[in-house]
Number of protein chains: 2
Amino acid sequence: MVSIKDIAKKAGVSISTVSYALNGSPKVTKETSERIQAIAKELNYIPSAAARSLKKRETKIIGIYLTNYSGAFYGELLQGMMETLSKNGYELIVCSGKESHRFLPERMIDGAIILDATYETEELLSHAERGHKLVVMDRRMDHINISQVLLDNKAGATLAIDHLAEKGHRKIYVLKGPEISFDARQRLEAVQKAVQRYSQVEYVELDGDFNKPSGEAAAKKIHQEFSEPVGVFCLNDEMAIGMYNYFSRTNLRVGEDVHIIGFDNIEVSQYIHPRLATINYSKHKWGSLASELLINLIKKKKPEHERINVSLIEGDSVRNR
Amino acid sequence: MVSIKDIAKKAGVSISTVSYALNGSPKVTKETSERIQAIAKELNYIPSAAARSLKKRETKIIGIYLTNYSGAFYGELLQGMMETLSKNGYELIVCSGKESHRFLPERMIDGAIILDATYETEELLSHAERGHKLVVMDRRMDHINISQVLLDNKAGATLAIDHLAEKGHRKIYVLKGPEISFDARQRLEAVQKAVQRYSQVEYVELDGDFNKPSGEAAAKKIHQEFSEPVGVFCLNDEMAIGMYNYFSRTNLRVGEDVHIIGFDNIEVSQYIHPRLATINYSKHKWGSLASELLINLIKKKKPEHERINVSLIEGDSVRNR
DNA sequence: TCTCTTTCTGTAAACGTTTTCCTTTATTAT
DNA sequence: ATAATAAAGGAAAACGTTTACAGAAAGAGA
């Protein structure tokens, strides 16, 4: 491996001069600098990331922690992150797998964005305490080294319940999410508050885990006790898709007997039939804002708390009762 | 930052003993070893990834290069990679963005899997020449440091054309992919060979770029010159979805007037109506096999060339003429 | 008692950079 | 001619590990 030492030898200068030249420092003449650059190119020199980051104590890489890469959802999010990060000279690496937790404390990365409910808040806190910079997208945290950008889950859930109620539904199921998910908890909380405003609606909670099979299971339950048209708020679209799967094998029709609204507006939602009513928000903006806050934090700015707005998307899966 | 030096001081031993102890070397007594471990924990010691990889010349991280994270497709693929990699003590990082190209030569990562047509073959070759280990999934390369695992595009494309022909279609459109894509080129080549076997079919090529809008554009063209039922082979599912979008706004019906078959079997394909006929393969296996070959390569084994099998999935988007 | 092993621990070099602080040389002012 | 200043480059320490090698202590065999 050719190092800065080899260049120095060949150029007849010291390694410090080479380092300065390669980093465009004004401490070295333009001529020597150019000569050194030429030699570096000629020798096919490539700096060692390890050596540099050992010395500089930075890597110019930031990590995003995800539970799973489950398709549709993350594409836009990551795209948004990438854009603002690379504008600021950073690279993004997607970390997954238990071992990748070491990236942050070992300083493989300069900061991290967290969207992984399985990452213990305790652990995050201890990282922040050591001086690492974080942005959380999936929990509330208050710390000098942590910014947060959360979805407006309450507004979204309220929008969904109101939509069902306005369409005349008197029996409303809510398909819950996993207890571990902050978004699920917030949405459920808002739902419970919202239904209180409609004294005449019958409200039933069903267990779910944000995955399709739990949607199918819940649909089965609804099917079994079916007597009149009902409304269903699935706390995410994924489970709503599961419901579609189940009902397609029955005599119950979505948008006629069972009126479904989801949350997230994932890609599939617009292609299924009937179009799924859902709560939408810009995943791209969510990602880019998170990155922006992280960069600010690294630049020693104050931690910030932001919120992403949501809106209702109507679809034929919810119609008048 | 607490380093092994601090531990050594506190334990009253030398730094080498600490290093040995922390790495479980048999050169140090169990007692001292345990004592040192305890002190390390107490001081909250965390090794420096940079220092270690500078010395050991390895990072235990491998990178996957992707053009874009476009949802549905990559989820399973990455999952497959993660599983086999973490079984072998490696972490996976997803690299994207022009700057991330430096990860490999700078030895941020021990090896890379390539699925990014914009990565120049020249560049890959020069990396391999320097001794870096690669697995390519999107091109053919022969080199002592490069393994490859490719889809059986030819079989897939042939299956698709045969399916349309068997269903009695006499006019067949093929919606091509971008010139830069190896998969697109291979599929097209196989199509051209396959249609020759059906002397009575009229065969027309349309330009596409693997994205939805190009599917819509092609659909428009088909619509304009429509006179009788036709078959269409979209070289990927994404473009087929684009066609559905277009035709849903016309009087032409998919599965009746326009018979569409795709390639990839992405998640959406099974939810759109009518179900898209397509060519399927295991993305999970593709990913895990690629990882396996890379690990073999790193272990100084010989490069290997593997192929992923494909199969036909029938759907109501293609019916008898 | 002496030497030879064996077992444990320490010394120091190395990995490839960056950066602080010097030294040399050339330039200008006096 | 001399001193003061500026400009360009070099020496060396530092970042935090790993590891080849050397050394010391202790027990065993003669």
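Throughout, a chain's letter reflects where its sequence line sits, starting with A, and its residues are numbered from 1.
Summary for the helix from dT1(C)-dA30(D) to dT30(C)-dA1(D): the axes at its two ends, each from 5 pairs, differ by 60° when rounded to the nearest 10 degrees.
In this structure, the separation between CD on Gln37(A) and NZ on Lys30(A) is 11.0 Å, given to the nearest 0.5 Å. With rounding to the nearest 0.5 angstrom, the NE2 atom of His284(A) is 8.0 Å from the OG1 atom of Thr84(A).
Residue Thr17(A) is the one, among Ser16(B) and Thr17(A), whose nearest nucleotide of DNA chain D lies closer to the 5' end (criterion: closest heavy atom).
Contact annotation: the side chain of Tyr90(A) never approaches that of Leu294(A) to less than 4.5 Å [non-hydrogen atoms, C-beta and beyond]. Under the 4.5 Å side-chain criterion, counting only non-hydrogen atoms from C-beta, Arg52(B) is not in contact with Glu58(B). Residues Ser291(A) and Leu85(A) meet the side-chain proximity criterion, which asks for heavy atoms closer than 4.5 Å. A 4.5 Å side-chain heavy-atom check between Glu106(A) and Ser48(B) finds every atom pair outside the cut-off. Within the 4.5 Å cutoff, side-chain heavy atoms of Met137(B) are placed close to those of Ile113(B).
A 6.0 Å sphere centred on NZ of Lys285(A) holds no more than 12 heavy atoms belonging to other residues, nucleotides or ligands.
Near DNA chain C, meaning a heavy atom under 4.0 Å away, the residues from residues 7-14 of chain B are Gly12(B), Val13(B), Ser14(B). Shown for residues 19-29 of chain B: residues whose heavy atoms fall under 4.0 angstrom of DNA chain C, namely Lys27(B), Val28(B), Thr29(B). Contacts with DNA chain C (heavy atom under 4.0 Å) in residues 46-61 of chain A: Ile46(A), Pro47(A), Ser48(A), Ala51(A), Arg52(A), Leu54(A), Lys55(A), Lys56(A), listed by number.
Phe103(A) is linked by a ring pair (Phe, Tyr, Trp, His ring centres under 6.0 Å) to nothing, counting only residues two or more places apart in sequence or in another chain.
Between the side chains of Thr17(A) and Ser14(A), at least one donor N or O sits under 3.5 Å from an acceptor N or O.
Note on ring orientation: taking the six-membered ring where Trp is involved, the planes of His101(B) and Tyr119(B) are parallel (angle under 30°, cut-offs 30° and 60°). Aromatic ring orientation, His132(A) versus His127(A): perpendicular (interplanar angle above 60°, classes split at 30° and 60°).
Contacts between chain B and DNA chain C, taken as any atom within less than 4.0 angstrom of a protein heavy atom, begin and end at dC8(C) to dG16(C).
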Determine, stepwise, if the pair Thr29(A) / Thr32(A) fulfils side chain to side chain donor-acceptor pair (under 3.5 Å). CA-CA 6 Å; Thr29(A) 12; Thr32(A) 20; 2.6 Å; yes
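The heavy-atom pair separating Leu150(B) from Arg139(B) by the smallest distance is CD2-O, 3.4 Å.
Taking 4.0 Å as the cut-off between side-chain N and carboxylate O, Glu42(A) and Lys10(A) count as a salt-bridged pair.
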